[in-house]
Structures are given as structure tokens and as C-alpha cells.
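The next block holds one structure in the form of C-alpha cells; read it before the comments.
Predicted, not measured: the structure shown is a model, and the values here were computed from it. All heavy atoms count here, side chains included; hydrogens, waters and symmetry mates do not. Lettering follows sequence order; numbering is per chain, from 1.
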Number of protein chains: 2
Amino acid sequence: MSLTIGELSRQTQVKVPTIRYYEQIGLLAEPVRTDGKQRRYGPGDVRRLNFIRHARALGFEIEAIRQLLGLAGDPDRCCGEVHDITRAHLEEVKDKIARLSALRDELETMVACDHRRISECRIIEAIADHGECQHHQQ
Amino acid sequence: MSLTIGELSRQTQVKVPTIRYYEQIGLLAEPVRTDGKQRRYGPGDVRRLNFIRHARALGFEIEAIRQLLGLAGDPDRCCGEVHDITRAHLEEVKDKIARLSALRDELETMVACDHRRISECRIIEAIADHGECQHHQQ
DNA sequence: TCTTGAACCTCTAGCCGCTAGAGGATGTAG
DNA sequence: CTACATCCTCTAGCGGCTAGAGGTTCAAGA
């Protein structure tokens, strides 16, 4: 009934080295081992790793996921903190979108360049003359 | 007439260790040194570093900037390649925006949680049951 | 029972684009 | 001539993995 790390990887779509990495940073508990030191996983591990994968796909950072997992294991608690973490993440995402949108607009103006010589290329000029605005994406 | 690394840093808003890092990866040429091995920069370095900073602020990767700098130094060439690099970057930015927007919508649905107990929290459920969609932001 | 060989193990290093710190040398103002 | 801000090099760390070396284990087939 138990899974090897490869089977867990196939079921959750999380790569084998990533699973070991999650164990190393304490996001996943150390599993049972065979006599030959190979890892064996149960259904609980599948659920937890799926949760992690989904949260990563939603862009949560590892530390946020660690907190969410802690809270998720505490069924009687009010989920206010879960709400806070998610809202904070939502704000970050909105912020990124806003900054990237400004970037997109600038780049779109720039690519209206009509293939002149470099010495009069609007893109090069645009980068060289770019003002004091602070984008810092990602 | 020449600048110390600290003065260059103040003029360009690029931090001192970052300037040394750019030199190390060959993005910035090795500058003149004093007898005591301290770096001294000229106006050309200020221009080049400003270009780099602006391009970074626009989200270009170091490798793209390396190419842009190479092309920028070739005034008679047609700027088609510059255009291509910029358009490729624009496409990436648009792609990121699209993925982040989908993420934002999902998170917004999730934060409509009304502070119940964890055991019936919609956010936790939403993460746990999250489908097979692949977001992978950033 | 033995032999394959795929999958497992640990360990280390690398990716990007910096940032931080140790520990020491240099340069300039008073 | 001294103080001390700034400079130097070198190494390690950040997040979140990914890749590779070099060796071991496990399960299926002969």
C-alpha cells in the first residue's frame, strides 16, 4: 500500500529531487524507510504534497505554504489567518500585474521601431534615455 | 575627472557590489585602477551602466542586455535584431500578465471566505482541490 | 538462485541576479 | 600623521529548485 518516491512523483506531478528538497527544508515529514534506506510514502503524503503543489501553482511562497499547512492541521481554529495570508498574496499578485502592465506599455511603444540603423534606433534610445521610474519586475 | 565606484554608484543608482558583479560577469569592462588597485570610472562607464540599469528596470535579462549592448555599439547595423529581442521580451511580459491575471481571479474567489473554522474554510479547500491547471508564475 | 537494470540513495554544485559579511588595504581631510 | 570613510578580495547566502557523480537497492525474469 505504500509508494516509492517515483510513484509519489508520478501521482503528484512533483519531481523526485523536488520531493527530497521539500523533505530537506521540513515541508514534508521524513517518511518511513525500507531496510535498504529507500523512502516509502502513504496516502497522507500524497495529500500533503498535492496541497503544496497546488499552493505553489497559485504562486504562494514556501514560507506561506508552511504557515498554511500549519493552520490547515488545526481544524477548530478560525481561518482568519488563512484569509490574511491569501489576501496578502493577492495584493502582491495585483502589484506585479500593475508593474508588468506599465512595462508592457513601454515595450509596446518601443517596438514601434521601423528597422532603421542602430544609430537612430528608437529602442536603443528609449533604453538609454529611460527616466527615473522604478519598475523592478518580479 | 574620474569617479570612484561609490560615486559611480550614486550617479547611476546601482549598488557598489552590483557594479563589481557586472564587471565580474563581463557586462561592464574592467576599469582603470589607481596604484592602490582602486577602480576609477569615466563618463562612458556612467552611460553604459545607466543603459544597463534602465534595461534591467524594463525587465530585460542580463543575456538580453549583453546582446543589446553588443548591437548598440554597432551604429551602422540595421536594428532588426534589437527589435526581435525587445518583441520577444514583450511577449514574455504579456504571458506573465496573462498567467498572473488568472491567478488573481482565482485568489479573489478564494478570499471571499467568511472566516469560518479551518475545517470548513473555502481557501484551504480551494488549494487542496485545485485542479490540474498549470500556472507557474514568475 | 542469480542476474540484470531501473530506480533509488547521498552529496555537491549550479542556475539567476544580486546581497551581505569578514578581514584587510587605500585614500583624503583635518 | 592620524582617523576613518571608502575601497579591496573572497566567500557564502537568498529562493526554489535542477543536474550530475558515484554508489546501492529492489523486483522481475531466466
Seminar exercise, completed: Smallest heavy-atom separation, Arg48(A) atom then Leu69(A) atom, equals NH2-CD1, 3.7 Å

Within this structure, what is the [atom1]-to-[atom2] distance between [X] and [N], rounded to whole angstrom?
X        : N       : atom1 : atom2 : result
Glu92(A) : dG15(D) : CD    : P     : 14 Å
Leu3(A)  : dC8(C)  : CG    : P     : 11 Å
Glu7(B)  : dC7(D)  : CD    : C1'   : 12 Å
Ile19(A) : dC8(C)  : CD1   : P     : 9 Å
Glu23(B) : dT19(C) : CD    : P     : 17 Å
Gln24(A) : dG16(D) : CD    : P     : 14 Å
Glu61(B) : dC18(C) : CD    : P     : 11 Å
Tyr41(B) : dT6(D)  : OH    : P     : 16 Å

Seminar exercise, completed: One should read off an interatomic distance between Arg66(B) CZ and Ile52(B) CD1, to the nearest 0.5 angstrom, of 9.5 Å

Problem set entry | Separation between CD1 of Ile123(B) and NE2 of His89(A), rounded to the nearest 0.5 Å | 11.5 Å

For this session: Pick base, sugar-phosphate or nothing for Arg20(A), based on heavy-atom distances below 4.0 Å to the nucleic acid.
Result: base

Exercise. Which is true for Ile25(B) with a 4.0 Å heavy-atom rule: it touches a base, it touches only sugar-phosphate, or it touches nothing?
Worked result: nothing

Seminar exercise, completed: Judged by nearest nucleotide, the residue sitting upstream toward the 5' end of DNA chain C, Lys37(A) or Thr4(B), is Lys37(A)

[X] side chain: which of [options] is closest?
X        : options                   : result
Thr34(B) : dG16(D), dT25(D), dG27(C) : dG27(C)
Ile62(B) : dC8(D), dC8(C), dG17(C)   : dG17(C)
Arg39(A) : dT10(C), dC17(D), dT19(C) : dT10(C)

Problem set entry | Backbone of Val111(B) reached by a side-chain donor or acceptor of Arg87(A) within 3.5 Å | no

